[in-house]
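These numbers come from the heavy atoms of this one structure, side chains and all, not from hydrogens, waters or symmetry mates. Throughout, protein chains are lettered first and strands after them, A, B, ... in sequence-line order, and every chain is numbered starting at 1.
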Amino acid sequence: MKVRVRFAPSPTGGLHLGGVRTVLFNYLFARAHGGDFILRIEDTDQGRFVPGAEQYIMDCLTWCGLEPDESPVKGGPHMPYRQSERKAMYQQYAQQLVAAGYAYYAFDTPEEIETMRTAHRKDEHSHAQYDGNTRMHMKNSLTLPEATVQQLLADKTPYVVRIKVPANTTVTLNDMIRGEVSFDSSLVDDKVLLKADGMPTYHLAVVVDDYLMQITHAFRGEEWLPSAPVHVLLWEYLGWKDQMPQWAHLPLILKPDGNGKLSKRDGDRLGFPVFAMNWTDPKTNEVTAGFREIGFMPEAFVNMLAMLGWNDGTGQEVFSLKELTEKFAIERIHKGGAKFDYEKAKWFNHQHIQRTDDQTLARLARPFMEAKGITADEALLVKVAGLIKDRCTLLPDFYTQGHFFFATPEVTEMAAITEKWNAQKQAFFEGWSAALATQANADAAALEASFNEHVQQHGLKKGDVMLPLRIMLVGGKYGPGVFAIAELIGITETINRITAVLRSI
RNA sequence: GGCGUGUUGGUCAAUCGGUUAAGACGCCUCCCUUUCACGGAGGAAUGACGGGUUCGAUUCCCGUACAUGCUACCA
């Protein structure tokens with residue numbers, strides 16, 4: 001049977017790190033087994049629907065290089081891929097469950113349910129939930145006479161359909177990551193399957209769609225494990241038990257300090273992105289930072305996520321997406337959650353930058369240069385990228401480490417020159433820059449030779465004037481070799497920068 | 001509270017009963033570098049606790065502790 005997996009996000013906002021990792025594991029598993037990766041939009045909660053979120057999610061997948069084989073826009077053999085457009089199917093199966101006695105209508109108002117809960121919470125050992133212990137005291141088709149139920153239905157009284165979870169049985173599932181996990185059904189509540197607005201809840205929708213779309217392996221976050229018995233029961237009640245996908249509940253990505261799931265708030269608080277790409281809340285216009293915009297390469301981002309909960313056992317940490325698809329093995333996924341480490345994340349990006357050719361780097365860096373007002377010549381940008389890549393961790397570093405190749409820098413460390421300035425140095429720079437004007441050979445070695453010669457003529461030591469020269473050309477105490485810089489900006493610009501600084505001393 | 005899941009250095013982690021318990025990030029020291037980095041060489045730092053099983057437990061089992069997830073007509 002062909003492997004089919006799916007990522008099923010709800011379009012409610014930014015795409016979280018953990019979500020991307022779930023996508024990644026789905027994708028890798030599909031590729032490793034020659035299977036299909038499906039994107040399904042779980043937009044069953046009309047109250048939480050956010051316009052633009054669906055497109056945003058797809059853009060994130062595109063950026064990461066994790067394109068689905070079937071999706072709402074791409075289509076596929078199981079259209080539609082948006083649950084809101086599949087409403088009728090869920091209703092049909094909900095009716096089937098009711099008819100078979102596996103589910104029932106419930107007419108309780110939210111207030112009535114709340115009353116039941118508060119009443120039961122007082123009792124130490126109560127479950128305080130709508131379940132086998134309480135359902136017979138509520139307003140539903142199990143407790144009401146058939147005629148009353150029919151009347152209520154005919155009167156269009158709002159109702160939900162709930163699963164009737166059996167008492168005293170053990171529901172077991174075999175998780176690919178955790179092995180056998182079992183639950184006492186008496187402790188599982190009668191989850192709502194169909195809401196009053198006619199939409200299914202996740203519980204019904206995930207089972208129906210996984211069945212209809214012939215999903216063979218279902219990856220999701222560990223937070224879903226407690227509701228897994230409901231899903232297993234549904235597969236059984238719908239008569240599809242032998243086609244139930246294999247479950248894999250992924251460990252959580254935790255916040256760096258303390259414990260708990262990593263949230264958008266943690267990113268804001270600690271100063272790093274949590275979403276794959278910038279997300280703008282359409283209501284408030286508030287922008288939440290994304291890894292793309294802060295300057296991560298997609299491959300580094302994906303690599304970093306893969307290593308959060310998985311490794312190949314060899315100690316190798318840097319992988320291309322292609323290598324990951326070749327080496328990924330679900331057996332090596334961890335059970336425990338991993339704390340997110342932003343420093344390590346940046347290290348991954350640095351590693352990928354070093355492994356990327358200069359042309360590609362120039363292409364990646366360009367938007368960040370342009371955002372700072374620098375329109376760089378392509379050939380020069382490629383050379384600069386190669387020259388400074390080892391001191392770049394994030395893509396914007398190509399600007400901070402290389403802007404002076406493209407525009408005369410502001411001298412921010414003038415003090416480093418003036419502190420030890422004297423007439424001798426003044427004479428040296430005046431003399432050397434004048435000599436440069438007639439120098440034909442502009443390569444770094446020739447420039448340095450000329451420099452050395454003049455240093456001697458003026459009775460100086462090279463070390464006396466190297467730093468001043470750097471400040472003149474770069475503006476600060478950083479950057480690659482000074483003569484390499486002089487070569488790339490050219491003799492004329494070198495002279496100009498020296499002259500400008502001499503004038504301001 | 002109940003139920004589920006988890007627990008090797010500060011963090012990511014290897015180990016599939018026998019090791020001086022890898023490696024990486026970060027941190028510290030030194031080297032290289034007439035700047036800043038890269039790079040190189042070192043260093044500090046780990047099996048939550050208590051019982052078993054075993055000739056031998058980080059590894060298997062059971063408790064305890066701690067952490068975390070869930071307990072919505074949200075996913």
Using the [atom1] atom as the reference point in each nucleotide, state the distance between [N] and [M] in Å, no decimals.
N     : M     : atom1 : answer
B:G51 : B:G1  : P     : 27 Å
B:C49 : B:U8  : C1'   : 15 Å
B:G43 : B:C70 : P     : 44 Å
B:G4  : B:U64 : P     : 13 Å
B:C62 : B:U53 : C1'   : 11 Å
B:U29 : B:A44 : C1'   : 11 Å
B:G42 : B:A57 : C1'   : 33 Å

Give [X] one of three labels, base, sugar-phosphate or nothing, depending on what nucleic acid heavy atoms sit under 4.0 Å from its own.
X        : answer
A:Arg220 : nothing
A:Val474 : nothing
A:Asp190 : nothing
A:Leu194 : nothing
A:Val192 : sugar-phosphate
A:Thr44  : sugar-phosphate
A:Ala196 : base
A:Pro256 : nothing
A:Phe348 : nothing
A:Gly481 : base
A:Gly479 : base

Is the shortest side-chain N/O distance from [X] to OP1 or OP2 of [N] below 4.0 Å?
X        : N     : value
A:Lys261 : B:C70 : yes
A:His334 : B:A13 : yes
A:Arg332 : B:U15 : yes
A:Lys477 : B:A37 : no
A:Lys255 : B:U11 : no

### Query
Of the candidate nucleotides B:G69, B:C73, B:G6, which contains the atom at the shortest distance from the side chain of A:Leu252?
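In terms of side-chain proximity for A:Leu252, the closest of B:G69, B:C73, B:G6 is B:G69.
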### Task
Among B:A75, B:U35, B:C25, find the nucleotide with the atom closest to the side chain of A:Thr201.
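My answer, after comparing the listed nucleotides, is B:A75.
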### Task
Could you tell me whether the side chain of A:Lys344 has a donor or acceptor atom within less than 3.5 Å of a complementary atom in the base of B:A24?
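Indeed there is one.
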### Task
Enter syn or anti for the glycosidic conformation of B:C38, syn applying to angles within 90° of 0.
syn
### Query
Atom CD1 in A:Ile417, atom CD1 in A:Ile505: separation rounded to 0.5 Å?
5.5 Å
